[in-house]
Structure formats: structure tokens, C-alpha cells
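All values reported here derive from a predicted model rather than from experimental measurement.
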Amino acid sequence: MGDNVIAVRGVSKAFAGVQALQDISLEIAPGEIHCLAGENGSGKSTLIKVISGVHSPDAGTVELGGETFTKLNPREAIAHGVQVIYQDFSVFPNLSVMENLALTAELSDGRPLVSWRRMRQVATQALEKIGVEIDLEARVGTLPVAQKQLVAIARALMSDARLIIMDEPTTALTRREVRRLFGIILDLKARGIATLFVSHKLEEVFEISERFTIIRNGKHVITCLPEELDRKSFSTYMTGREFDETRFAPVIEDASPVLEVSGLGHDNAFEDVDLSLRPGEILGITGLLGSGRTELALALFGALKAETGEIRINGETVHLNGVRSAIAHGIGYVPEDRLTEGLFLERSIGSNIVISEIDAFVSSLGVLDQRKADAEAQRWVDELRIATPDPENPVNTLSGGNQQRVVLAKWLATNPRVLILNGPTVGVDIGSKHDIHRVLRALAAEGLAVIIISDDIPEVLENCNRVLVMNAGRIVSELDPATTDEHDLAALMSEDVDATSKGA
Amino acid sequence: MYSTGTTSPRPRLAVLRDQHVVRLAAVLALLLIFFAVMKPQYFFGPATWQSMAVQFPEFALMALGVMLTMILGGIDLSVVGVANMTAIGSASLMLAIAPTGADAGQGHLAVVCAIVFSLVLGAAAGAFNGFLVAKVRIPAILVTLGTFELFTGVAIIISAGKPISGLPPQYAEVMAARVAGIPMPLVIFVVVAALIGLLMTKTAFGTKLYMLGSNETAANFSGLKTTSLIIRTYMLSGILASAAGLVMLANYNSAKADYGSTYTLLAVLIVVLGGINPNGGSGRLTGVILAVVVLQVLSSLLNTFPNISNFYRPLIWGGVLLLVIVVNQWDKRGNLMRLLRWKGTQS
Amino acid sequence: MQSLIHRMLRANEFYLLLVIVALSLIIQARSGQFFSANNIVDLANAMVVPGIFAVGAFLVLVSGGIDVSFPALASLAVYATTRILVDAGWSGGVWLPFLLAIAFGAILGAFNGLFTSRIAVPVLIITLGTANVFSGFMQGALGSVQIPNIPAGMSEFGRATLFVATNPASGLTSNMPVSFLLLIAVVVGAFLLLRYTKFGRGIYAIGGDESAASRAGFNVRRIKFWLYVIVGMTAAIAGLVRTSMMEQMHPTNLLGMELMVIAAVVLGGTAITGGTGTLTGAMLGTLLIVIVQNSMILVGIPTFWQGFALGVLIIVGTGISAVQLTRRSRKRSAALV
Amino acid sequence: ACTPGGQSADPGAAPAEGGDGDYTIAIVPKDSTNPWFVRMEEGVKRFAADTGLDVYQKGPAETDATMQAQVIQDLIAQGVDAIGVVPVDPGALETVLKQAMDAGIVVVTHEGASQENTMYDIEAFNNTDYGAFIMDNLAEAMGEEGVYTTMVGHVTNASHNEWADGAVAQAEANYPNLTLLEAEPRVESQDDGEVAYQAAKELLKKYPEIKGIVGTSSFDAPGVARAIEELGLTGKVFVSGTGMPAANKSILDKGLVKTLTLWDPADAGYALAALAEKILNGEEITDGLDLGVAGYEDMNFAEGSDKVLEGNGWVVITKDNVDEFGF
Ligand SMILES: Nc1ncnc2c1ncn2[C@@H]1O[C@H](COP(=O)(O)OP(=O)(O)OP(=O)(O)O)[C@@H](O)[C@H]1O
Ligand SMILES: Nc1ncnc2c1ncn2[C@@H]1O[C@H](COP(=O)(O)OP(=O)(O)OP(=O)(O)O)[C@@H](O)[C@H]1O
Ligand SMILES: [Mg+2]
Ligand SMILES: [Mg+2]
């Protein structure tokens, strides 16, 4: 195929001790929507970085617009119409939306000076193109995650790109925004622009892609059309394992609730929230970004002081005036953003796991019993199947899914009565996701009360025995997953759109 | 998917896994060999080592405090101020309890009181730093730069800028004593360093210190008492600085507001050379101790060349620091260490 | 309009300005001398050298680093310049000293730049090393000593006066040095560089997110390298101004200024973590420190208490903006204790 | 020349072993950038050349008591025969100099009249007298009347404060019309010409009555003179103090400063080394000691001291003789 937008041929790339890519080939035709799939750490991001010139491959070539490169730099890639929306967005938090949008374009013309007038024009156009409104003067660091991502998307779309690469673009987006993104992708296709798309959300992948490439452990597994695959075989190609999709059926023996909340409210984030949770239950809370779900979770964890209402644990009213008191009452919280809120990246996996209960390993003399702590860490590494040769390794040697297990392990180790998980499988591959769900169900069966906050609808429906839908700071309905289907739930979440946008 | 990651053999000793420490040790070894070959008469003389043993504990103790705060992601530039302030405070106290000509009993009492007072004052000064960092949330570099001026100012005010001397002889007896031929300052340093080492590796405090330095938000979410941890760390740094002040008080038999004015940057240099990450969260005590020894040996070696001016000292120290940085960069994959290890590493 | 006021109230510079005004009023009340023409000129005079240094320190802070080597760099560059010219018996104008000093500053800055652009180690560490190398080289290899008679061109420049401010009451006169124009030129130059060149936006971009900058197509290495070259040149200018104004070369006169200058810039609201900060803030911060350092006698603070007072000021000054920030962020993510 | 190993073993033996004339003598100044000590080194080198001994100067990299102590410590370890020190701070050196003497090393000092652990200390003059002399010069310039104040390098600097005290005492005793500025009797220049300049400007703004400033550090007079000139007070306000001729030629020529005082550090360095050699040779040190260099040819013990030897006087520089010194 001589008319490919891009052809990757036999690319290999190794990092200190890790063969991230091995003899990978990939071709994308103009206007094609191509999906790149693989587990965490399989090499997707690395491949993307090779294509965009961030990493130079150890072997192999990249062909762009008929030119063959053995070594490519970001400028050359951009000049050949390759635009990347990175997993971490690659935005400048300290600069305004306008500059974030326009700087790349400014850079690509040869002049040494910047024109603020031109930048404003360019930025306005970029936002118009994807039909969103964001304050051009706002500093990107102060924007919510979804808007940051929209900035990154708008930026990538404004140049005359021939290939747009999106590395997990939908992780932080709400359904509504995902719809809009897909609209944009189809629009691009109509204009002959190809898209390379990475996502862990299967339904999205099947919905939008025209072709798949699956890689595993840095090696090419298969390239095929969606009709040649069903979800199950797709998962099998990715992981080499097989999964059954089952629904969660709770075993609730003790009828008295462990956690009760009535009339809880905070500022204008959420109000009048009532809920109750019994041991063994998995309660889903779902809602769009900005619906108040995260603030509610923080309030239940004591990190945000509720202004009205009360929280009862085992029937007793408690005042959570900080994270520590929540922990003391047996509440655990797996935060939304594991990198900044959940993990100590340079520290060992073991100490990340035991940190919240470390005082339990201190003898009366004040000496830390390291062996006991290590044993505890090892127990959780085994239990949660955290893929590491050694718990002494730093957490940042783990892939996303395994990092998430570490955060989970930390909270399970504190032996909580209530575990709140905010987006437990964001950006986690299906293998890991499955494992995490399995663990949660098993814990619930042992009597733990779990709250899963997520906008991943299948996740909520499959793993919860009750689902609360939040909208504009209020709980708008309670559903039984067994009798609800995905489309109904989605409709409920995005109902009353006006009220929602107010909270965002 | 559970087979990702490498399975290269890991040296048993955790320290040997730290490539930076290994390289520092290599630098020290080369240096000692050079010393032994070039100046055997000094290298093999005990006086050289005894002289070093008296010199470095002063600033090495301060460096330990800077190390702790840097692991936390902060810094302590006030150590010299704390040392001088506490030394002047305790010297004044000693003179008040046992004025010149007092008997030995009074003298001993004065020494004990002064040591306790000094450490308490150091802890208070450190806690003040910690409070400003943790509660008021002023960047540590500004807090401690300000309190350096403040503590030095207090030292000048109470001493009227003059040296305070004429200490009871009992102080010198205690502090200039030798334990098995080892000068007291070194004994103090070794004991203190061992205690700090235990604190860092064998207590929950140590683990929390590293964790907090690595990610403060996550530490909050994990339920660590971050405010108290920060305050306690700066307190420790204050205590270490006051211990350094006590050693200086002994070495110079007097206290003054401007002693050791060059130690601030020296302490930072040592800590950084020792491999502590200035952004917090990692680094080892072993590295810092090695860095102290490297710099002290270098400087004593330099003093054995009468014709080389002491002005070369910063040049050489800076050079060593840059050298280590460059080697670290060049040797990212740890080739040097592989040489020191047994063969079979695969990837 | 309302958003303007709102923005102003959030700006660190606004509070800094309030502190400066309050302090000025106190000094005025205590001495009756603060708002006299010649005192203002004296402060402007005292501001020149720290001000130029602050611009360099600010540039580096914005790019995400902390440079502690600039006083040593300036000393070495200016010492070498003065030594060479004195030995050669240079009696011409000040252009050659400036040319030489800036050239040396650029070379030494390039030395910094070489390391910082190629080695992924915090700039603080690197410059701690190079600062020692610079001062050690000057004092050891060059055997620096005080040079009492600097070239005539330099001392003429040091004495050159824009205008003379007279205090009508006391008849005292103060000279506004020509070098104040240099400070203005450096500040304006830095402003234009930061605001209107891709290089300047690149400095902000790198300070915000280095890998994002490189992905966006900035040549991060090159930007960093030239940044340190520029900082070296501004530092050398500051050093030459100091030497010219003192009419003597004291090799160690500048050493030890670094922390105070960095504190001043941070006081002005520049984040230590890089990416944010304004030149206005940096200059206001420097001004505050300069005012305090040069008003102790005016206020009548006894000599013994001056260090203490300076310490209190740094803590209170930074404390005000810190409390401001905490209160703002606490609104968002409450009681994380 | 060095004795290998530098043994501390035999405290009593030191001066006695002399006689072979093959000594290592180290002179330790306060620092080495200051032209003062650069000049001193010339004297030390001259002595080395005159005698053929191994005599050298080695100071700390900065004027810092602790660093100076470390240099001495290292010299002890190297077993030099004699150490001549210009202490940054006598108190801070007591311990280390005692160690040196215990190790059998000859220890002599200069500008360390209060030093206890030294064999002899030589002073170009008596500090109080020197301060008085600075006062005399200032009083003359001021016409023996008016308000004055004093400036020291650091309030922590002992000699500067002694000179300043001497100056004040002299004014009280002999110049009834001179008054010390009550509100700011002592300001700091931080041994920095720029700070001296700024501080003087502040002083003169706040206290217009000031007519004279006693400078002590060699940075004071030039800095203050700069301020006087700029403020338009030439001929109305005066300064005196210590200073080197070449460094101050221009302010003397301009008449900003009438007189400066000093002693020649090269001579002091020479004398210090000569004294050390005499002790090593076992010569007896008595009144009338001749160290073979001008000003130090007839040294006598200070009153009530068997350690401090005082030479005869200091040098006065005026614009007329400023060119005669050659340094
Ligand atoms: N800069 C790097 N240095 C060292 N190793 C790296 C680096 N980047 C990636 N790797 C390694 O390469 C492998 C592939 O990583 P990559 O980021 O491409 O995974 P991925 O497919 O993007 O995973 P995910 O689905 O989670 O995004 C990982 O196992 C990792 O260890
Ligand atoms: N600069 C780097 N240096 C070292 N290792 C890296 C680097 N960048 C990525 N890695 C490693 O690459 C692996 C995968 O990286 P990546 O960031 O893609 O996470 P991930 O597995 O994709 O997680 P997620 O699915 O949540 O995106 C991890 O092991 C990570 O530690
Ligand atoms: Mg990923
Ligand atoms: Mg990835």
C-alpha cells in the first residue's frame, strides 16, 4: 500500500532491561480509524512515542508521507502531519488555554517572535472547530480534567494533521463528551484524516474502530477487522486469558447498615444526599463529571467537611474532621487520581502497601518490625496478583493496572469496614480490571461494604447490587442493576443536561 | 502478564543497590589510594586522621539535619544560625551557673544543664521552622533563610556580637576527651549518625518521612499526620544543629554569632553530593556519610600541599560534585556496578 | 471591571505592594526621610545590582530551576575582565569592559547551560557545583586579590549620573546612577523576551511541563542552554556595575548574595516549582528586600537587632502571601489533615 | 623539611631540637583575598628568601574562624615546626593552638593580644592607642568639635571594636567638644565597601548633625568617603580609619579623607616568621627584641604581659606620602 498515511516496519525498542517493542509493523490508510489495543505495559504508548518522534527506535523504520525515517524528531513528525493527544495530555498547566492551543502552531512557522493577536485567532478557531467554549484566558492547570483534555484534543485537531493519535483519550471524559469526540473523529474521517485510537473501554473501541491492531508484551498479535472479532476473543488476544462476564449477586446476612448518611450537603457541590450501605453490599454511584460524586466521596472520607447533614457508622453519629478520623472509623478511599493522590511513586511497592497501617508494625520499643511489614506486603502482592518480581521495587516500575492494585492493597490492608473507590479502573486494561472486580466481589462476600464511584456503566451494572445516579449534586434515582440496561442508565445520567453543566 | 519486569539478581545489601552510593564509594577509594601514594607520610600517620576526626563532625551533624529536611522535600538553611544561637545560649547558661572560678561540682552541673538546654532550644528553633513550613505553608527555603537571619540575630543580641568564652573547664574535659583514642566529636557524630540511621530505617517515622517527601498529597490521603511529621523533622534538624553547636563550642572553647558561616552551603553540598533527591523522597544516609568523608579527605589532602592555596578547595569540591553528576548520567544503566557484581545479568 | 478588581485581589503582587506601602509609611513616620527625593534615589541606586541579578534568578526559576551560581559567575567574569584590562593598561571607554565581561559571562553561562541542558539533575545541584568551581577557579587558579584601581572607563561609568536629587530640607544630594538605565534595559529586555519571543514562551513552557514542551516542538535542550547563557550575561552586567560603582574590584564582594536574591524573587510570587511568576512581582520582591536592608538605620533599629529584623521581615513577608495561597486552595480541598 | 607523620608524641621536645636551622614555618593569615594579607605574604616570602628556610603562608579560603582552625589542625597533623597566626578570632583558636603547642609546635600570633595559647604575640601597636590615634586624626579634620559615630566591619570583630572603643575613650578624654552619636554609636559595614557606603548614606540622612565617622575595617573609609562625596558633604563630614595606600589614593587625592593609618603587613609577616625562627633556635626573648625589620627592631613587652610584644607604631598616609609606599 503505497498510499498509507503511515507505515511502521519492524520497529523494536528496548529500555534499560525491558524490550518494550519487538519487530512491530503497522499501516494506516488515510481516513482510517485504527484501534491499537493491548494490556497495560504492552507497548502501546511506546509505539506512539516512536511514531511521534519522542523515542527513536532501536531497529526498524517509520514511513511518513512516502519518506522513510530511521530516526525521527517531534518536529519532523509534526511537519508530516502527525499529531498526538497524549495519555497525560501534555498540556502546560501554567499557561493560558489560548497559549496551549496556539503555541504549537506558532512554533511551526519560522519566525522567532510570537503574535498574541494571531494566537487568539488560532485558539478561538480551534475551540470552534470542536464546538466547545472554554475561557481562553483561564490557566489550564485550574481547569477540570475533562476540559484539559478538550484543550489537548482541540490543539491536536487544529493543525492540518493527516494522522491523529489518541492515547487513551476517553479515560477522563464523560459519555457526553465521548460522543462529541466520536463525532469529531468521524468528521475527521470525512476529511480524510486518519485516527489511531487507544482505549481500554471495549464498547468504545468496538463502536468507533474500523480496524484493530492488538499487541502483547511488545509483540504484534493480530491486525483485523471488528467483524472478525467478538469481545471475548478480543480479550483473549490481548491477555492470553479468558474471562466470563457475570453479574454480582450480593450475600447480605446482617441487615443493619454499616454506613448511613442523611441530608449531607456541601457548599454547592452536593446537597441533601441520603444513602445507606450494609456489609456485603457493593453500592454504585454514577454520574457525570461535575455531578458532585467526587466531592461526596471526599466528604465520606473526611477530606471535605460536610456542611449539613450527618454520617452514622454502625448507627452512631460520627464527626469526620479529617482523613485520620475516617480511617479510624474504618473507612478507606481509593482516590480518583492514583498518581497524585494515591501513590508514592519512587518508594517501594511494599511500603506503599503498608503505609496506612504502618504503626501496627511498631513494637513497644518503637522499632519497626520490617519483616512483619514485608510479609504483609508480600501477602497483598500475592493476593492481588501484583505483577512484580520484587515488592522492594519502586511503584513507578509498575504499569497502571498494577499501580491501581497497589492503592487497593493499601486500603485493604487497613482492614476497613467501608471501602470507597473513585474510578477504580480508570485507564486499567481488561485483564487487570477483571482482577480488580473479582477482588471487590470477594471482599464484599466477606462482609466489606463497598462503594464504587464510576461512570463506566458496564462496570457499575456488573459489579453493584444497587446503583445511585447523581445529577447536579443530587441523587436522582436508585436502580437495581438486574432490571436496568445500559441505555436506560446512560439516559438517566445525561438527563436534565442544563442542571449538569451548571455544576461542571 | 505477570512476567513483566526484569529478573536481574539483586545484591543482598540494600546499600549496594544504590548506584550512587557505589560510585561515591569508588570515588573515595580512588581518593584514598591517591592520598596513600602521593603523601604516604601523612596518610599513614594517625595525626592526619585525628585532625580530620575533630574537623568534620561540626558540619557533618548539620548536614544530617539538612538531609532529613531534604528527604522531606524541604531544606534547612538555618542550621548554622541554630548552632550559634544554641551554643551562645548554653555558654551563657554555663557561665551563669558556674562563673569563672567555680568549683568542679558547679562546673559539672553547668555542663549538664547547658547540654540539655542547648538541645531543647535547638528543638524549639526547629519546631518553629517546622511550624512555618507545615502550618503557614511558606516554602522551606524562604522560612529557613529567614530564620537563619532571625536566629543569628538573636545570637548577636544576646552576645552583643562578642565571643562568649571562659567556659567551665569541665566542659572541655567532657568534650575534648577521647574514647579509646577517638576524639569526642567523632564519637558524638558516630553515635548520632547511628541513631539517625536507625530512625530512618528501623522506625515508622523513617518510612513516613520518605513517603511524605515522595508525595505529600498521597501522604494526606493515606492518613499520615503530615503536619506533625514535618514539624518533628525540622525539630530533629534543630536538635542536630544544636549538637553541632555544642561540638563547635568545645572545638573553639567559645561561642560566637558568626562561627561556621561557610557551613550552610557546605552542608547542602554534602547532602546533594550524598545523593539525596532535592525534591524529596529518596536518598541514603550512607551516601551522605560517604560525601562527608570524601570532602574531608579531599580538603585535608589539599592542606598537605603547602603550595596549593585553600582557594582550590571549592574548585575541587565543585568539580567532584559535577563529576559525580556526570558519571551518574553517563552510567544510567549501572555498568560500573555491574563490574563490581558477579556476571549473570540478563534482560 | 469587576473581574479586573477580582484578579488584582488575587494577585500576589497586590499584597506585596501593600506591604511595601505600609513599610514605607512606617519608615516615613519613624524617620521623616523616606519620601524625600534623595532617599528614593538612594533606594533606586541600591536596587540596581540586586535587581539585575533578580532578573536572571527569575528567568531560571520560571524555567523550573534554582540557580545559586550567579554571584560566583559574575565575580569570576568581572574579575577576569578587570584583571586583563588593568594588566593591559586599558584607558579607553567602558564599552570594552562590558563587552569582555558579557563575553565571559556568556562563556560561564554556557558552562552552566551545558550541564543543565544535558543532565537530568536539579539545577540547584548543578549550580551548587559550578558556583564552587567558579569561585574556586577565581580564587585559586587566578589567585584573585582586590584590585584597587580599575580602568578609568569603568570608574567613570560608575560615577556617571543621570540627575542629582536634592533634599530641600537637608540640602543632601543623591546621584541617580546611569546604571539604573541598565536595570531598566535588562528588565524591559527580559519582559520582551519572555512575552514576545518563542524562546521566552519556551521558558515558561519548560517550567510548566518539560516533556510537554518537547512534544510541542520546543527544542528544550537548546532553550535551556541559551537561557543559562543569557543569565550568565545579565549576571556579568550586574557584577560589572557593582565593581564600577565601587571603583574597586573586590572578588568576594558579591558572593553570598544568591539566597537573598532568590528569596526576593520568590517573595515576589514566583513559584519555586517553575512556570509561574511575573517580572513585576520579582522586582517588587527585590525592592522590598532592598528597602528593608537600607532602612534599618533610618528606622532606628539598633545594629544588633538588624539581622533579627531582616529575618522577621522575610518570614512575615512570605507568610502573608503563603497564607493567602493556603486560604485560596483550602476552599477547594478542605481539611486534609 | 617536614617531619614525617607530624608526631604529637613528645610535647616537651620542641624548641630544644633546634639548631640545625632546617625548619618549616607556616604563617596562617585570616584569609587571602584581602590585599592586606597578600601584602603580608610578600614579607613572608622575603623572609624565606633571606633565610632559605621553608616558610610559607597558608590561609583559609574565607575569613572564617572555623575554617582557620581547620587549616591549623591540618598543619599540626603535618608536623610543621612553627605556626604563626593572625587569628580571625582568638577565642576560637585557643583549643587548636593549645593542641599545636602540646604537639611541640612553636606558636606565635599577630593581632592576637588576648590569645592565651600562644608563646608570644607581636603587635605593631597597642589597639587602644591605635584607636586613639585614629580619633586624633579625625578630630583634627573635624576641628575638634561636632558629633561623630563609629563603624566596624562586624559587631563580632574583636579588634575593630577595640579600636573603636579606643577612639571613643580618646574623644572622651581629650576632645570635650566631640560627642558620640547617642542613637547609633556603632554601625556595621559587614566588611563590604558597598554596605559601608549605603550605611553611611542612611546615617547622614537620618542624623544630619554627624560630622565625623571613625572607620575601622579597611572597607569603611573608602565606602563612607563615597557617600560623603555623593551627598555633597565634602569638607563638611569627615572619615578616618585604616586603609592601604594604593587602594585609597583617589580618595586621599580628592581630599575626601585627610589621613589614613596602617602598619605594613609585609613587615608584620616578616617579623612573625623571624620571631618563630628565633624561638626555634632557642634564643631568649627579652625586651628590646630585634626582628630585623623596620618598626619591629625594638620590641618591648606590653605592660603587665609576658607574651605581648609591642612594636613602635603605625604609619600615617596622607595625600602627600601616598605614593611612597609602593603597595
Ligand atoms: N521511558 C521508559 N524507560 C524505561 N522503560 C519504559 C519506558 N517507557 C516504557 N517503558 C517500558 O516499556 C513497556 C511498554 O510501555 P508502554 O508505556 O508502551 O505501555 P502501554 O502499552 O502504553 O501500556 P498502557 O496500556 O498501560 O498504556 C513497559 O513495560 C515499560 O516498562
Ligand atoms: N519515563 C519512564 N521511565 C521509566 N519507566 C517508564 C517511563 N514512562 C513509563 N514507564 C513505565 O512504562 C510502563 C507503562 O507506562 P504507562 O505510563 O503507559 O502506564 P500504563 O501501563 O499505560 O498505565 P495506564 O494503563 O493507566 O495508562 C510502566 O511500567 C511505567 O513505569
Ligand atoms: Mg497507558
Ligand atoms: Mg500507555
Side-chain angles (χ1 to χ4, degrees), chain B residues 75 77-78 81 132 135-143 145-157 159-161 217 220-221 225-227 257 261 264-265 268-269 272-273 277-279 308-326 328-330 332, chain C residues 66 68-69 72 115 118-126 128-144 256 258-260 262-263 266-267 271-273 302-323 325-326 329 333 336-337:
Chain B
I75 196 166
L77 300 175
S78 72
L132 292 174
K135 270 296 191 190
V136 190
R137 306 213 65 82
I138 308 174
I141 188 170
L142 289 178
V143 166
L145 187 68
T147 54
F148 167 75
E149 297 287 345
L150 196 77
F151 297 149
T152 307
V154 171
I156 287 181
I157 293 165
S159 66
T217 315
N220 273 322
F221 270 109
K225 292 188 221 162
T226 50
T227 307
S261 48
T264 308
L265 281 180
V268 176
L269 181 74
V272 159
L273 181 59
N277 179 356
N279 300 323
I308 298 182
S309 138
N310 254 316
F311 290 132
Y312 283 105
R313 193 150 86 154
L315 180 64
I316 293 172
W317 286 358
V320 169
L321 180 58
L322 291 180
L323 180 79
V324 170
I325 293 171
V326 171
N328 275 350
Q329 173 83 3
W330 162 76
K332 273 251 164 76
Chain C
I66 296 179
V68 292
S69 71
F115 283 100
R118 286 178 184 268
I119 293 185
V121 162
V123 175
L124 173 70
I125 300 184
I126 292 173
L128 207 54
T130 56
N132 276 289
V133 168
F134 293 157
S135 67
F137 185 79
M138 173 179 75
Q139 299 186 305
L142 300 185
S144 64
E258 58 274 11
L259 293 177
M260 203 53 84
I262 292 167
V266 176
L267 190 57
I272 300 195
T273 45
T303 310
F304 286 147
W305 286 81
Q306 290 183 0
F308 183 84
L310 184 62
V312 169
L313 178 98
I314 294 176
I315 292 166
V316 172
T318 50
I320 288 174
S321 59
V323 168
L325 263 177
T326 340
S329 67
S333 74
L336 270 179
V337 273

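Using a 4.5 Å heavy-atom threshold, the side chains of B:Leu321 and C:Asn132 count as separate. In this structure, C:Phe115 and B:Ile325 have side chains that are not in contact, with every pair of non-hydrogen atoms separated by 4.5 Å or more.
When all heavy atoms of B:Pro278 and C:Ile125 are compared, the pair lying nearest together is CG-CD1, 3.3 Å.
Interface remark: C:Phe137 contributes backbone and side-chain atoms alike to the contact with chain B (heavy atom separation under 4.5 Å). Of the two parts of C:Met260, the backbone and the side chain both hold a non-hydrogen atom closer than 4.5 Å to a non-hydrogen atom of chain B. Interface residue B:Ile141: only side-chain heavy atoms are found under 4.5 Å from chain C. Neither the backbone nor the side chain of B:Ala155 comes within contact range of chain C, judged by heavy atoms closer than 4.5 Å. Contact annotation for B:Thr147: both backbone and side-chain heavy atoms come within less than 4.5 Å of a heavy atom of chain C.
If you tally non-hydrogen atom pairs under 4.5 Å between each of B:Leu322, B:Ile316, B:Leu77 and chain C, the highest count goes to B:Leu322. The residue among B:Gly153, B:Gly146, B:Pro139, B:Ala257 with the most heavy atom pairs within less than 4.5 Å of chain C is B:Gly146. Note: C:Thr130 leads C:Val68, C:Leu124, C:Thr130 in heavy-atom pairs under 4.5 Å with chain B.
Residues forming a side-chain hydrogen bond (donor to acceptor under 3.5 Å, both in side chains) with C:Ser69 (at least two apart in sequence, or on another chain): C:Asp67, C:Asn112.
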